2 protein chains.
Amino acid sequence: MGKAKKRWTSEEEAALSAGVYKYGTGKWKDILNDHQFAHCLINRSNVDLKDKWRNLGCNASNSQGSSRRHTGSRYVFIFQMYFL
Amino acid sequence: MGKAKKRWTSEEEAALSAGVYKYGTGKWKDILNDHQFAHCLINRSNVDLKDKWRNLGCNASNSQGSSRRHTGSRYVFIFQMYFL
DNA sequence: CATTAGGGTTAGGGTTCG
DNA sequence: TCGAACCCTAACCCTAAT
């Protein structure tokens with residue numbers, strides 16, 4: 001019995017994306033320690049960030065291989081502005 | 001980002017064990033410089049040897065945090081596309 | 001300057017649960 | 001049943017002390 005699963009919100013995902021943009025991938029603790037993102041990710045650990053980034057499929061450069069699948073056809077863009 | 005993880009092979013572990021048997025623990029550089037083991041451990045550093053020896057035997061526990069800082073003035077828009 | 005000891009963090013395979 | 005969320009821990013990093 002692990003902890004209860006808590007779905008990621010759009011705000012959390014945006015904070016994670018912004019954090020990766022600022023620090024690069026693999027800097028999960030840095031992102032968490034950044035007061036700019038911390039308040040959004042208060043309930044997430046560095047390992048959670050890593051895991052989420054992985055299953056977001058955001059491998060920055062790797063867009064081929066057809067290993068990515070989306071069953072839906074509609075999409076929406078989320079914007080957020082972050083100071084670096 | 002750090003180096004890509006490279007799993008230790010049985011041969012590498014054997015070389016490390018033999019090295020410790022010959023020189024004793026804490027003599028990582030000596031082991032690495034020994035031509036008897038060097039060819040097997042060509043991709044490993046003295047620190048790698050120390051870390052591997054640690055989790056091969058004596059198990060310890062850990063978990064703490066650290067901190068870092070950053071201040072800037074630039075900003076960026078983060079875009080995220082969500083499939084529905 | 002080079003090396004080690006030990007705590008901290010990440011990467012990736014494995015597991016769980018809605 | 002499937003996959004997002006979570007777990008396990010070997011492998012790797014940081015750095016004070018020598």
Side-chain angles (χ1 to χ4, degrees), chain A residues 1-17 19-34 37-38 40-62 65-73 75 78, chain B residues 1-17 19-34 37-38 40-70 80-84:
Chain A
M1 305 172 70
K3 43 181 274 205
K5 291 183 189 302
K6 188 171 178 301
R7 198 144 198 106
W8 278 67
T9 65
S10 296
E11 288 72 22
E12 289 176 316
E13 294 185 355
L16 173 57
S17 295
V20 170
Y21 182 87
K22 181 171 181 179
Y23 293 99
T25 58
K27 299 296 184 179
W28 317 117
K29 202 69 181 179
D30 287 346
I31 295 173
L32 273 188
N33 289 334
D34 189 319
F37 309 121
C40 252
L41 301 170
I42 192 72
N43 294 310
R44 305 295 178 178
S45 71
N46 48 327
V47 176
D48 290 336
L49 267 55
K50 179 266 299 177
D51 285 331
K52 181 59 181 178
W53 189 251
R54 171 171 50 176
N55 68 248
L56 269 178
C58 293
N59 223 315
S61 54
N62 177 10
S66 304
S67 59
R68 194 162 313 152
R69 293 167 298 157
H70 290 287
T71 52
S73 53
Y75 60 86
I78 301 292
Chain B
M1 305 139 284
K3 287 172 38 174
K5 276 188 192 305
K6 190 169 177 300
R7 202 128 193 125
W8 277 68
T9 64
S10 299
E11 289 73 20
E12 290 176 316
E13 293 184 359
L16 173 56
S17 295
V20 170
Y21 182 85
K22 181 171 182 178
Y23 293 97
T25 59
K27 300 296 183 179
W28 319 116
K29 202 65 183 181
D30 288 345
I31 296 173
L32 229 41
N33 290 333
D34 188 317
F37 310 120
C40 250
L41 301 169
I42 192 73
N43 294 310
R44 306 294 178 178
S45 72
N46 49 326
V47 176
D48 290 334
L49 267 56
K50 179 264 298 178
D51 285 331
K52 181 59 181 179
W53 189 250
R54 170 168 52 174
N55 70 253
L56 266 182
C58 340
N59 273 327
S61 55
N62 50 20
S63 237
Q64 283 302 319
S66 67
S67 61
R68 249 166 244 198
R69 64 281 113 176
H70 187 287
Q80 273 194 73
M81 188 172 70
Y82 292 92
F83 284 83
L84 303 179

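Keep in mind that what you see is a predicted model, and the values were worked out from it rather than measured. Below, read A as the first sequence line, B as the second, and so on, with proteins coming before strands; counting in each chain starts at 1.
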Are any of A/Asn55's side-chain N or O atoms less than 4.0 Å away from OP1 or OP2 of D/dA5?
yes

Between A/Asn33 and A/Lys29 (side chain of the first, backbone of the second, donor and acceptor by atom type, cut-off under 3.5 Å), is there such a pair?
yes

Is it the case that B/Arg44 places NZ or CZ above or below the six-membered ring of B/Trp8, under 6.0 angstrom from the centre and within 45 degrees of the axis?
yes

Using whole Å, report how far CG of B/Asp51 lies from C1' of D/dT9.
13 Å

Decide yes or no for B/Trp28 and B/Val20: does some side-chain heavy atom of the first lie under 4.5 Å from some side-chain heavy atom of the second?
yes

Backbone of B/Ser45 reached by a side-chain donor or acceptor of B/Asp48 within 3.5 Å
yes

For the NZ atom on B/Lys50, are there more than 12 heavy atoms of other groups (residues, nucleotides or ligands in this structure) within a distance under 6.0 Å?
yes

Taken to the nearest whole Å, CG/B/Leu56 to P/D/dC12 is 13 Å

Can you check whether B/Arg54 has a side-chain N or O nearer than 4.0 Å to OP1 or OP2 of C/dG7?
no

Rounded to whole Å, how long is the line connecting atom CG of B/Leu32 with atom P of C/dA2?
15 Å

Round to a whole Å and report the spacing from NZ of B/Lys3 to P of D/dA10.
17 Å

Can you say whether a donor on the side chain of A/Lys29 sits under 3.5 Å from an acceptor on the base of C/dT10, or the other way round?
no

Here's a test of your reading of the structure: between B/Thr25 and A/Trp28, which maps to the more 5' nucleotide of DNA chain C?
B/Thr25

Could you tell me the separation between the NZ atom of A/Lys6 and the C1' atom of C/dT16, rounded to a whole number of Å?
18 Å

May I ask you to test the A/Val47-A/Asp51 pair for a side-chain heavy-atom distance under 4.5 Å?
yes

Kindly indicate whether the side chain of B/Lys50 and the base of C/dG6 share any N or O donor-acceptor pair separated by less than 3.5 Å?
yes

Here the distance between atom P of C/dT3 and atom CD1 of B/Ile31, to the nearest Å, is 14 Å

Are any of B/Asn46's side-chain N or O atoms less than 4.0 Å away from OP1 or OP2 of C/dA2?
no

Less than 3.5 Å between a donor and an acceptor, one on the side chain of B/Asp48 and one on the base of D/dC12, is that the case here?
no

CD of A/Glu12 to CG of A/Asn43: how many Å apart, nearest 0.5 Å?
7.0 Å

Please state how far atom NZ in B/Lys27 lies from atom P in C/dT4, giving the value in whole angstrom units.
8 Å

Starting from P on C/dT4, measure out to CG on B/Asp30 and report it in whole angstrom.
7 Å

Compute the angle between the rotation axes at the two ends of the helix from C/dA2-D/dT18 to C/dG18-D/dC2, each taken over five pairs, rounded to 10 degrees.
20°

